[in-house]
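Start at 1 and go down the list; that is how both ligands and their atoms are numbered. One is the number of the first residue; the rest follow in order along the sequence.
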Amino acid sequence: MSIIFNKVSYLYNQNTSLEQPGLQDVSFKLKTGSFTAVIGHTGSGKSTLLQHFNALLKPTSGSVEIAGFKIDAATSNKGLKPLRQQVGIVFQFPESQLFEETVEKDIAFGPQNFGLSEEEAHKRARLWLRRVGLSQDLATRSPFDLSGGQMRRVAIAGIMASEPAVLCLDEPAAGLDPQGHQQIMQLFKKYQAAGHTVVLITHDMDDAARYADDVLVMDHGQLVKHASPAEVFADPDWLHRHHLEQPATVAFSQALARAGMQFEHLPLTRSELVQAICQQVKGAGQ
Ligand SMILES: Nc1ncnc2c1ncn2[C@@H]1O[C@H](COP(=O)(O)OP(=O)(O)OP(=O)(O)O)[C@@H](O)[C@H]1O
Ligand SMILES: [Mg+2]
């Protein structure tokens with residue numbers, strides 16, 4: 001069950017004086033079970049793109065095929081519940097996704113709405129509260145009395161508790177402390193390893209390099225590249241032209257390469273870089 005965007009364009013405020021392109025002629029195909037990072041400068045269309053994954057926005061022209069649905073401009077809002085069950089989105093400002101009296105009720109809402117009994121849904125809620133790294137003590141608190149980082153984790157738990165086949169995340173680690181950031185990214189990677197598809201919008205190039213199989217690069221509403229992290233991050237000038245930077249590890253590896261170090265493959269992550277350096281040091285010592 002791959003995800004196909006076929007020539008998708010989206011106009012905000014269509015046929016008004018405020019009409020503005022959000023997406024222009026975007027086509028790509030994502031494999032089931034893949035981890036895709038979406039990167040691009042501010043206003044490049046990343047959030048607009050993500051909202052097409054479960055028909056919160058419908059293409060002005062073109063179509064989206066996902067989870068057995070084909071969505072185009074004529075798709076009715078009725079009957080989309082099974083799509084929303086299979087494709088979960090954590091929004092860029094997840095605070096806006098919280099609404100229940102208590103944290104546990106908030107997380108249980110999705111699973112219950114999609115058919116679990118109240119008891120099962122609350123069990124799921126407690127499980128995901130723990131998985132996103134929050135203490136059970138928070139279960140009975142109002143979600144609006146939490147810190148920004150805690151609210152973000154509750155919103156993530158609220159979507160993941162329904163265990164959607166496709167998990168879409170709009171800058172989910174923004175505002176988390178460095179340890180929380182790593183924990184939550186590991187949780188998404190584990191979710192992918194369990195057979196789900198993950199789509200992650202991020203401004204963190206190191207996360208894109210470390211976790212993604214595939215990268216979509218957006219610029220002014222257009223998809224300008226769909227390739228592996230190694231390919232996307234190899235060319236600093238190309239990235240610069242699209243208002244992006246290399247991950248720190250890649251820039252460092254290239255600086256080492258310029259200074260004479262030879263790499264079989266450009267290291268994308270810190271552990272790959274360490275491994276490559278160790279091999280060379282060992283090689284030089286023999
Ligand atoms: N509700 C809206 N009404 C009108 N225009 C919008 C609306 N939301 C977004 N846009 C416009 O659509 C374009 C793409 O916006 P989008 O929010 O998708 O960008 P983004 O890549 O997610 O940016 P960021 O990195 O800042 O979150 C921008 O030019 C933006 O001004
Ligand atoms: Mg955005």
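- Between W238 and H242, the two ring planes are tilted [angle within 30° to 60°].
- For Y211 and T202, the side-chain atoms include no donor-acceptor pair closer than 3.5 Å.
- Scanning all protein heavy atoms for the shortest distance to atom 13 (C) of ligand 1 gives G43 O, 3.7 Å.
- Side-chain polar atoms of Q186 and K189 form no donor-acceptor pair below 3.5 angstrom.
- In terms of protein heavy-atom proximity, atom 26 (O) of ligand 1 is nearest to T42 CG2, 3.1 Å.
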Under the criterion ring-ring contact (aromatic ring centres under 6.0 Å, His included), I'd like the reasoning laid out for F53 against F5: C-alpha separation, chi angles, the key distance, then a yes or no. CA-CA 9 Å; F53 277 73; F5 274 58; 5.1 Å; yes

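- Inclusion of T48 in the first shell of the Mg ion (ligand 2) is not supported: no N, O or S atom falls under 2.8 Å.
- Residue G45 places a heavy atom less than 4.0 Å from ligand 1.
- Of all atoms in ligand 1, numbered sequentially from 1 with element shown, those under 4.0 Å from a heavy atom of H41 are 21 (O).
- V199 pairs in a side chain to side chain contact (heavy atoms under 4.5 Å, CB included) with only one of the listed residues (I89, L30, L49), which is L30.
- Here the heavy atom of the protein found nearest to atom 29 (O) of ligand 1 is Q20 NE2, 3.0 Å.
- Note on ligand 1: M218 sits outside its first shell, no heavy atom being nearer than 4.0 Å.
- Scanning all protein heavy atoms for the shortest distance to atom 18 (O) of ligand 1 gives T48 OG1, 2.5 Å.
- Checking T42 against the Mg ion (ligand 2), every N/O/S atom stays at or beyond the 2.8 Å cut-off.
- Under a 4.0 Å N-O distance rule, the pair R124/E163 qualifies as a salt bridge.
- Counting atoms of ligand 1 from 1 in the listed order, those under 4.0 Å from a heavy atom of N13 are 4 (C).
- Considering only non-hydrogen protein atoms, atom 17 (O) of ligand 1 sits nearest to S47 CB, 3.8 Å.
- Each of the following atoms of ligand 1 lies closer than 4.0 Å to a heavy atom of Q92: 27 (O).
- Of the protein's non-hydrogen atoms, the one nearest atom 25 (O) of ligand 1 is K46 NZ, 2.7 Å.
- For atom 12 (O) of ligand 1, the closest non-hydrogen atom of the protein is Y12 CE1, 3.3 Å.
- Between the side chains of D170 and S47, a donor-acceptor pair is found at a separation under 3.5 Å.
- Per-residue contacts place H203 under 4.0 angstrom from the following atoms of ligand 1 (heavy atoms of the residue considered): 25 (O).
- Of all heavy-atom pairs spanning H52 and K58, the tightest one is NE2-C, 3.7 Å.
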